[in-house]
Structure formats: structure tokens, C-alpha cells
Amino acid sequence: MSELNVKFGESQKQLSAPISVVEVLKNFDRDAAKKALAARVNGEEVDLNKQLESSDEVLSVEPILPESRDGLEVIRHSTAHLLAAAVLDLFPGTQLGVGPALMEDPRYGFYYDIIAPRQLTIEDLPAIEKKMRELQKRNLPYRRENVQKAQILDIFHERNEPLKKELIEEKVVDSASIYYIDNSPFIDFCLGPHVPHTGKLKAFKLLALSGAYWKGDAEKQQMQRIYGTAFATQEELDAWTKQREEAEKRDHRRLGRELDLFSIQDDYGQGLILWHPKGAMIRMEMENLLKEELQKRGYSFVFTPHIAKRELWKISGHEENYADSMFAPTRVEGDDDTEFRLKPMNCPFHIGIYKSNQRSYRDLPQRYSEMGTVYRAELSGTLHGLMRVRGFTVDDAHLFVRPDQVREEVADCLDFAIKVFETYGFEKVKFELSVRGDAENKIYLGADEEWENAETSLANALKERGISYERIEGEAAFYGPKIDIKVEDAIGRIWQLGTIQLDWNLPERFDLEYMGEDGQKHRPIMVHRALFGSIERFFGVLVEHFAGAFPFWLAPVQITVLPITDRINDYAESVAKELKSLGFRVETDVRSEKIGAKIRHAQLQKVPFMLVLGDKELEENKVAVREKVKGDLGTMSLDEFKEMARKLKETRALSNDPKPLGN
RNA sequence: GCCAUCCUAGCUCAGCUGAUAGAGCAUUCGAUUCGUAAUCGAAAGGUCGUGGGUUUGAAUCCCAUGGAUGGCUCCA
């Protein structure tokens with residue numbers, strides 16, 4: 001009998017081969033062997049029933065346990081296959097596409113793309129889930145077999161699965177593994193590993209049915225995608241379900257209605273936002289913060305029209321590269337020769353301002369900023385609340401700089417971004433450096449040297465500020481590399497916001513120049529930069545980030561004055577008036593309601609402070625302060641309260657915690 | 001744009017297999033004057049997204065169309 005040396009953690013044993021992985025584990029740690037879903041042998045993920053042959057080298061073996069991330073991935077992957085098995089059982093003749101585990105997407109745990117003999121509807125999901133549970137309870141083993149390419153192709157030919165065949169043709173060189181589940185029509189071509197049998201899949205749920213294009217290509221046929229999720233234990237699944245409900249409560253569309261912030265009405269057009277007074281108030285505060293910072297950082301403010309002659313968009317290249325996203329041309333009554341188009345971007349206008357004068361190297365950088373409202377004809381299916389709309393305002397700026405200024409200007413943009421996002425309490429800001437992919441690809445405009453210089457400038461700016469970033473190949477714009485800004489919100493979701501892009505294409509197209517120190521004409525480089533990206537989207541992100549409970553400086557109503565009885569109404573009005581005169585946003589609730597109801601109303605509206613006023617306060621000329629989260633803070637003089645409020649407003653404090661105010 | 005689902009009062013939602021539209025909240029009016037998350041009563045409010053069709057009869061079944069939602073593609 002041949003032998004095998006195996007290492008498990010610190011210990012090493014000699015075992016007789018051949019032997020299955022699970023048997024090996026049993027020799028070291030029976031508990032781990034029992035719990036294991038799969039294993040890693042010399043770092044490679046394998047099934048537990050894989051037979052190990054004798055070998056000269058020492059094999060290191062390690063169980064993959066359900067608690068680990070890899071374990072969860074095995075569970076989700078195996079559950080996706082259980083889903084496929086159930087579908088095949090219920091709908092013979094179904095073609096399978098791909099069915100991966102999803103580990104990054106908080107919404108879903110896995111999916112499987114299929115083409116069933118008839119279109120499935122969501123009403124089919126319960127039956128499929130039921131079948132999955134049935135198969136799960138039968139502890140059906142997942143079997144793996146290594147098969148020659150020709151044979152795999154035969155199998156899927158027989159099963160009439162051309163999509164799988166296509167995949168195999170592409171991915172398999174000579175042989176590959178296929179999986180099947182005993183007593184099930186399921187066969188799939190897959191790397192694995194899987195759980196040893198379906199009994200290990202204890203907590204799963206099907207979630208959604210949607211369309212999905214084969215290989216993600218809109219030109220190819222549309223399949224149906226079934227989404228689900230799976231966890232190691234029912235408790236984890238329950239916790240996930242609960243968290244999902246919490247996230248739903250933060251939905252900016254729901255809060256937008258409840259807090260009367262904005263609306264989108266069919267009669268006015270899809271993807272077009274009506275900002276209600278309260279939403280508009282918040283937006284104004286957001287813009288004020290930006291304006292203060294812009295001014296400090298040497299930006300100029302400009303205003304430009306929403307529409308421009310079609311010729312302009314031809315020069316800028318938008319007609320050629322961006323027409324699909326633009327509203328169709330329009331013209332003036334009686335003049336058929338001149339066409340106009342709504343602007344999808346602000347850059348050409350800012351270029352017009354740059355070009356209106358001769359520029360010297362001493363004039364650069366020119367920094368033009370504008371809250372520029374743009375219109376894009378997004379496909380109707382992509383619209384989503386404030387996050388994806390057809391008319392939105394970019395906190396836009398264009399910097400016209402000399403090549404030697406790029407690094408510093410970009411670095412200042414980074415500082416700017418960090419400063420602003422900190423104010424909103426986004427502790428995690430992610431930067432991604434997107435560079436071109438294949439340099440040979442002719443979609444990228446400009447010389448190699450320009451691309452390399454640009455990338456170096458961006459990377460240096462990031463390094464100079466000590467910012468860690470991720471470098472992403474092939475994500476650059478066709479005219480230049482960029483830095484994308486993403487933030488993580490209060491419940492861990494990532495949002496794509498602004499971007500800093502280098503561009504030498506537009507300066508070329510518009511023939512921009514400046515007079516250099518050497519008396520020669522030079523071409524400036526443009527930096528497009530936006531921090532929020534879209535005010536609408538960022539506002540939506542903020543609503544969800546704060547769950548509608550805006551910090552004092554942003555809150556549309558900062559203080560509600562609540563008289564306990566009608567007798568106090570006059571005093572309440574005088575307190576409100578005084579606070580208003582100081583610039584605070586105050587409402588007074590003089591409804592004939594009990595104080596509990598008034599408080600409840602203010603709480604639901606997420607007003608930061610309530611001033612509860614009764615006979616006692618009137619007599620002593622004081623206010624009883626109730627903070628939204630902390631509750632009753634006790635009585636204080638109006639002056640004390642004013643001072644507290646003033647500090648919260650001026651410092652743009654994130655919490656209404658009165659402690660940092662001292663004394 | 002593509003796939004699935006949905007559209008009933010200002011909002012959230014009932015209304016099963018076809019038979020004269022319901023509730024809660026909000027609104028208005030009246031009563032109540034109250035000490036930290038919902039006082040009581042009454043009234044008003046809808047040609048059931050829109051347009052066709054089937055039927056003695058349609059919110060309900062069928063077709064078309066608009067919009068929304070979840071995805072795909074795309075993207076700030």
C-alpha cells in the first residue's frame with residue numbers, strides 16, 4: 001500500500017493512499033471533518049470526496065468551514081446548483097446558462113440564468129423553492145467527474161444545451177470537471193468545489209426573477225435570471241432579512257414622500273425631479289457648503305445656458321459619441337436652419353468662456369465652477385428615484401491648466417473631496433484610478449506619451465496625499481484617465497459619486513491655447529471634476545445615509561416649538577419669531593393636540609429639536625428642550641439654547657450632542 | 001430599450017373564483033386645553049392609470065398603451 005504525508009496546521013501524519021480528503025481531515029480533527037463543506041489541498045479548493053493519491057511531496061490540508069467567507073461561497077454556489085436542479089426537475093428541457101455565487105452584492109447571494117421551455121413568472125418561484133427544499137432534505141450527493149472535452153460536448157449536445165456548449169468550447173482545453181446530482185437531471189460543467197450533499201444547504205431563499213442577457217451582451221438573447229441568497233444558518237438568513245427591511249426603510253423614494261422632499265410625476269416627465277420646499281432647503285445648504293469651499297480654493301463661478309446650437313455639439317464630439325444619450329435637436333419656429341440641443345454636459349460652455357479671451361501662462365489655472373443642470377435621455381428602464389434621472393445638476397468645474405500644474409490641481413481636488421465628504425460623515429471614501437486597458441485599442445484618443453504622463457500625474461497626486469487607491473484597467477474615458485470617487489454610507493453600501501478626469505481631447509477639438517513663457521502657443525489640459533457627480537444623486541445618497549434624520553445644519557426644519565395648551569401659543573410664537581430672526585428654520589405646532597401627539601409628529605418628521613413650552617416655561621421665560629435622539633434635555637434659557645444651536649449650525653456638526661459645547 | 005411584476009381616495013393598503021367601491025393615516029369642521037411618540041366625534045374625498053374588447057353585468061377576464069418597481073445593458 002502506498003503512502004501519503006499530510007500536514008494539517010502544525011501537525012503532520014503519514015496516511016495510506018488513496019484516501020479521500022474528508023478521511024484525511026478525520027485523522028486530524030473529527031469536528032472539523034464533520035463541519036467542513038470542502039477543503040483546500042495545497043491551497044487549491046477541492047471537494048471533500050476527492051481521492052488523494054500517494055505522492056512524494058507533503059500535502060497541506062485545510063478544511064473550508066461554513067463560518068468562513070470561502071465556506072459561504074461554497075454554500076451559495078452549491079445552492080445555485082440546487083436551484084438549477086429544481087428547475088430542471090420541474091421544467092424538463094430547461095437550458096442552463098451560468099450560476100455563480102455573489103459575494104460582493106449585499107442584495108443577492110447567487111443567481112442562475114436559464115431558458116425554460118416557457119417564460120417563468122414570479123409565481124413559479126415558490127414551487128421552485130419548494131422543490132429545492134425537497135431535494136435538500138434528501139441529502140443528494142454532488143458528484144464530480146473529470147471528462148474529456150469531446151465527451152462533455154456530447155453530453156450537452158444530447159441535452160440540447162447550446163449555450164453550455166458555447167461556454168465549454170471557449171473555456172475548456174482538453175478536459176474539465178462536470179458535476180451531477182444523484183437522482184436528478186442536473187449536470188453542469190463547473191470548477192467546484194461543492195458541498196458534499198444537498199443536506200448541507202440549510203438556509204436559502206429565492207428572491208427575484210429578472211431578465212439577463214446571455215454573456216451580458218444586449219445583442220445576444222435574453223435569458224431569465226433567478227436570484228436568491230443563502231447562508232450557513234437560518235439565524236444568519238433571518239438577520240440578513242431584517243437588515244434588508246431596515247435598508248428599505250431608508251429608501252430615499254419612500255423618505256422623499258414621507259418627509260415631503262421631492263416628487264417625480266408622470267405628468268411632468270419620467271426622471272425629472274420636482275424639488276419640494278424641504279428638499280430644496282437641504283439642497284441649498286449642500287450648495288452653500290460647496291460654494292464656500294470653491295471660493296476658498298480659488299474657483300470662479302460661471303453660469304451657462306441649458307441649450308446650445310447643434311454645431312457646438314459637433315465640434316465637441318458629443319454628436320458623434322454621445323448622441324444616444326442626448327435629447328433630439330429642436331429649433332425655433334420659423335427658422336428651420338438652426339438647430340439646438342439640450343446640454344448633456346457643461347464642458348463646451350466653460351470652454352467658450354476660456355476662449356473668449358487670450359490666455360497667458362500666468363492666467364492658468366483657470367477654474368470655472370457651475371451648478372450646471374444637464375439633460376440626458378436615459379433609457380426608461382434605468383431610471384431610479386433620484387439616483388438615475390434625466391435632468392440633473394452637476395457640481396461641475398473645469399480647470400484649464402498647464403501640464404506642469406496637473407498634479408497639484410488634481411491633488412487639491414482630492415483634498416476638496418475628502419474635506420467635503422468628511423463634513424457629511426462619510427468616513428470611508430474610496431478612490432479608483434481608472435486607466436486605459438489595451439493601449440492598442442483605437443478608441444483611446446491621443447499619444448501613448450500623453451496617457452502615460454496623465455496617469456503618472458494622477459497617481460502622483462494620490463500618492464502625494466497619502467491616499468490609497470485601486471487601479472482599474474480599461475475603465476478610463478476614451479479621452480483620458482480619471483479618478484472616480486466612491487463613498488460608503490452609514491450601512492455599508494458603496495455609492496459612485498464624483499470623478500476627476502484629465503482631458504486633452506477637447507482642448508484639441510476647440511483649439512484652446514495659451515501663450516507660454518517662451519512666447520510660443522501651447523495647449524492647456526482640461527480637468528473635469530465633480531465631487532457629488534449629480535446633486536440629485538448625492539442628495540438621494542444623503543437621505544439614505546442619514547435615514548432622513550439630517551444633521552442640524554441640513555435639516556429643513558431645525559426646531560419645532562410645541563405649546564402644551566392654547567394659552568402658550570403667543571409665547572410659542574414669540575420664541576419661534578426670535579429663532580427665525582437668527583436664521584434658524586422653525587415651525588410652531590399650534591394644533592389643538594395633546595403634547596404627545598405633537599412630539600410624535602415632530603419625531604416622525606425627524607426634526608432635530610423640539611421646544612416644549614408650558615406654563616412653567618412661560619413664567620420662567622425658559623424653554624424645555626427635547627432632542628430627537630436623546631429625548632428630554634431639561635429646561636434652559638432661550639439664550640443658552642440659541643448658543644447651542646448656533647454652534648451646531650456653524651460647525652456643521654453631525655450629531656446634536658450638546659456635550660462638545662463645553663460647560 | 002429588453003425580461004418579470006404592479007397601478008383602487010393625498011398616503012399605505014383591503015376588495016377570493018365577475019354582481020350598485022372599503023379601512024387606517026392625512027385633510028376639513030366641531031368638541032377637548034392636556035407636561036415629552038397617536039384625545040374624541042363628524043364630514044368630505046375614488047367614473048379603480050388610460051383606451052378598446054368579452055359579458056345581461058368588469059376594479060376583477062382578454063388586448064393595446066402609459067407609468068412605476070426589481071433586474072439586464074448603460075451610467076453621474
Side-chain angles (χ1 to χ4, degrees), chain A residues 105 107-108 111 113 115 119-125 207-227 251 253-254 257-258 260 263-267 269-271 322 324-325 344-345 372 374 376-396 484-486 495-499 501 528 530-538 540-541 562-569 590-605 610-617 624-628 630-635:
Chain A
D105 191 330
R107 297 164 302 177
Y108 304 110
Y111 67 78
D113 285 349
I115 300 175
Q119 282 281 343
L120 299 185
T121 77
I122 48 169
E123 275 147 31
D124 294 313
L125 295 187
L207 298 168
L209 177 71
S210 81
Y213 297 108
W214 171 235
K215 291 183 176 170
D217 183 344
E219 300 295 310
K220 295 205 158 69
Q221 72 192 104
Q222 185 147 29
M223 311 183 68
Q224 288 194 292
R225 173 170 297 178
I226 301 174
Y227 280 102
D251 190 306
R253 292 165 302 184
R254 174 191 175 123
R257 158 145 296 294
E258 287 173 1
D260 197 14
S263 62
I264 303 168
Q265 298 175 30
D266 183 24
D267 297 345
Q270 326 174 51
Y322 210 73
D324 287 350
S325 300
M345 292 186 193
V374 298
R376 298 187 188 172
E378 300 289 347
L379 295 177
S380 64
T382 66
L383 300 174
H384 177 90
L386 293 171
M387 302 304 186
R388 195 71 183 276
V389 298
R390 283 184 172 165
F392 61 97
T393 304
V394 186
D395 62 317
D396 216 349
D484 281 328
I485 305 168
K486 297 187 175 183
W495 302 94
Q496 154 83 47
L497 298 173
T499 171
Q501 310 188 348
H528 306 248
L531 306 185
F532 296 166
S534 138
I535 306 255
E536 283 75 4
R537 173 180 290 180
F538 187 64
V541 171
L562 309 176
I564 289 172
T565 78
D566 287 354
R567 284 194 302 285
I568 316 297
N569 285 359
V590 294
R591 291 176 307 161
S592 172
E593 283 288 353
K594 288 162 84 166
I595 192 65
K598 294 185 182 185
I599 288 172
R600 178 179 156 82
H601 180 74
Q603 288 282 154
L604 291 175
Q605 286 296 305
M610 286 154 254
L611 300 182
V612 179
L613 305 183
D615 289 326
K616 246 188 299 176
E617 287 72 23
V625 181
R626 183 189 161 98
E627 198 273 328
K628 181 185 61 211
K630 294 198 167 51
D632 195 350
L633 300 183
T635 321

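Naming convention: chains lettered A, B, ... in sequence-line order (proteins, then strands); numbering from 1 in each chain.
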Under a 3.5 Å limit for both distances, which nucleotide forms a Watson-Crick or G-U wobble pair with [N], could you say?
| N | result |
| --- | --- |
| B/rA42 | B/rU28 |
| B/rG66 | B/rC7 |
| B/rC72 | B/rG1 |
| B/rU60 | none |
| B/rU54 | none |
| B/rU17 | none |
| B/rA23 | B/rU12 |

Just call it for [X]: base, sugar-phosphate, or nothing, with non-hydrogen atoms closer than 4.0 Å on any strand.
| X | result |
| --- | --- |
| A/K616 | base |
| A/G596 | sugar-phosphate |
| A/A530 | nothing |
| A/Y227 | sugar-phosphate |
| A/I595 | sugar-phosphate |
| A/I122 | sugar-phosphate |
| A/V389 | base |
| A/T382 | base |
| A/D615 | base |
| A/L562 | nothing |
| A/V394 | nothing |
| A/G381 | base |
| A/Q270 | sugar-phosphate |

Which nucleotide in the set [options] lies at the smallest distance from any side-chain heavy atom of [X]?
| X | options | answer |
| --- | --- | --- |
| A/D566 | B/rU33, B/rA76, B/rC72 | B/rU33 |
| A/R388 | B/rG67, B/rG70, B/rA76 | B/rA76 |
| A/L604 | B/rA37, B/rU73, B/rU5 | B/rA37 |
| A/A597 | B/rA38, B/rG71, B/rA4 | B/rA38 |
| A/Q603 | B/rG1, B/rA37, B/rU32 | B/rA37 |
| A/S380 | B/rC72, B/rG1, B/rA38 | B/rG1 |
| A/Y108 | B/rA37, B/rG10, B/rG70 | B/rG70 |
| A/E593 | B/rU39, B/rU36, B/rC74 | B/rU39 |
| A/D266 | B/rA37, B/rC34, B/rG67 | B/rG67 |
| A/I564 | B/rC75, B/rG35, B/rG70 | B/rG35 |

Considering only the [atom1] atoms, how many Å lie between [N] and [M], rounded to the nearest integer?
| N | M | atom1 | result |
| --- | --- | --- | --- |
| B/rU60 | B/rG24 | C1' | 24 Å |
| B/rG30 | B/rA44 | C1' | 14 Å |
| B/rU69 | B/rU12 | C1' | 16 Å |
| B/rG71 | B/rU54 | P | 40 Å |
| B/rA64 | B/rC72 | P | 26 Å |
| B/rC48 | B/rU36 | C1' | 42 Å |
| B/rA43 | B/rG70 | C1' | 41 Å |
| B/rA68 | B/rG22 | C1' | 24 Å |

So, is [X] near the phosphate of [N], with a side-chain N or O under 4.0 Å from OP1 or OP2?
| X | N | answer |
| --- | --- | --- |
| A/Q224 | B/rC3 | no |
| A/Q119 | B/rC3 | no |
| A/R107 | B/rG71 | yes |
| A/R254 | B/rC11 | no |
| A/Q496 | B/rC75 | no |
| A/H384 | B/rG70 | yes |

Less than 4.5 Å apart, side chain to side chain, heavy atoms only: is that true for [X] and [Y]?
| X | Y | result |
| --- | --- | --- |
| A/H528 | A/M345 | no |
| A/H601 | A/M610 | no |
| A/F392 | A/V374 | yes |

Would you give the length of the straight line joining atom [atom1] of [X] to atom [atom2] of [Y], rounded to the nearest 0.5 angstrom?
| X | Y | atom1 | atom2 | result |
| --- | --- | --- | --- | --- |
| A/T393 | A/F532 | OG1 | CZ | 12.0 Å |
| A/I564 | A/I595 | CD1 | CD1 | 5.0 Å |
| A/E536 | A/R390 | CD | CZ | 14.5 Å |
| A/K594 | A/I599 | NZ | CD1 | 12.0 Å |
| A/E378 | A/H384 | CD | NE2 | 13.5 Å |

Nearest whole Å is fine: how far is [N] [atom2] from [X] [atom1]?
| X | N | atom1 | atom2 | answer |
| --- | --- | --- | --- | --- |
| A/L209 | B/rC72 | CG | P | 13 Å |
| A/W214 | B/rU73 | CH2 | P | 14 Å |
| A/K598 | B/rU36 | NZ | P | 14 Å |
| A/M610 | B/rU36 | CE | P | 14 Å |

Any N or O donor-acceptor pair under 3.5 Å from the base of B/rC3 to the side chain of A/R225?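 Between B/rC3 and A/R225, which were checked side chain against base, a qualifying N/O pair under 3.5 Å is absent.
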What I want to check is whether an N or O donor and acceptor connect the side chain of A/Q265 with the base of B/rA68 at under 3.5 Å.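 In this structure, the two groups form no donor-acceptor pair.
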When you match A/D632 and A/Q501 each to their closest nucleotide on RNA chain B, which lands nearer the 5' end?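 Going by which nucleotide is closer to the 5' end, it is A/D632.
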Both A/R390 and A/R626 contact RNA chain B. Which one's nearest nucleotide lies toward the 5' end?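 Checking each residue's closest nucleotide, the 5'-ward one belongs to A/R390.
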Looking at A/D251 and A/R253, is any side-chain nitrogen of the basic one under 4.0 Å from a carboxylate oxygen of the acidic one?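 Between A/D251 and A/R253 there is a salt bridge, with a charged N closer than 4.0 Å to a carboxylate O.
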Taking atom CD of A/E219 as the centre, does the number of heavy atoms from other residues, nucleotides or ligands within less than 6.0 Å exceed 12?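 No, the 6.0 Å shell around CD holds no more than 12 heavy atoms from other groups.
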Taking 5.5 Å and 30° as the limits, would you call A/F392 and the base of B/rA76 a stacked pair?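 Per 5.5 Å and 30° rule: yes, stacked.
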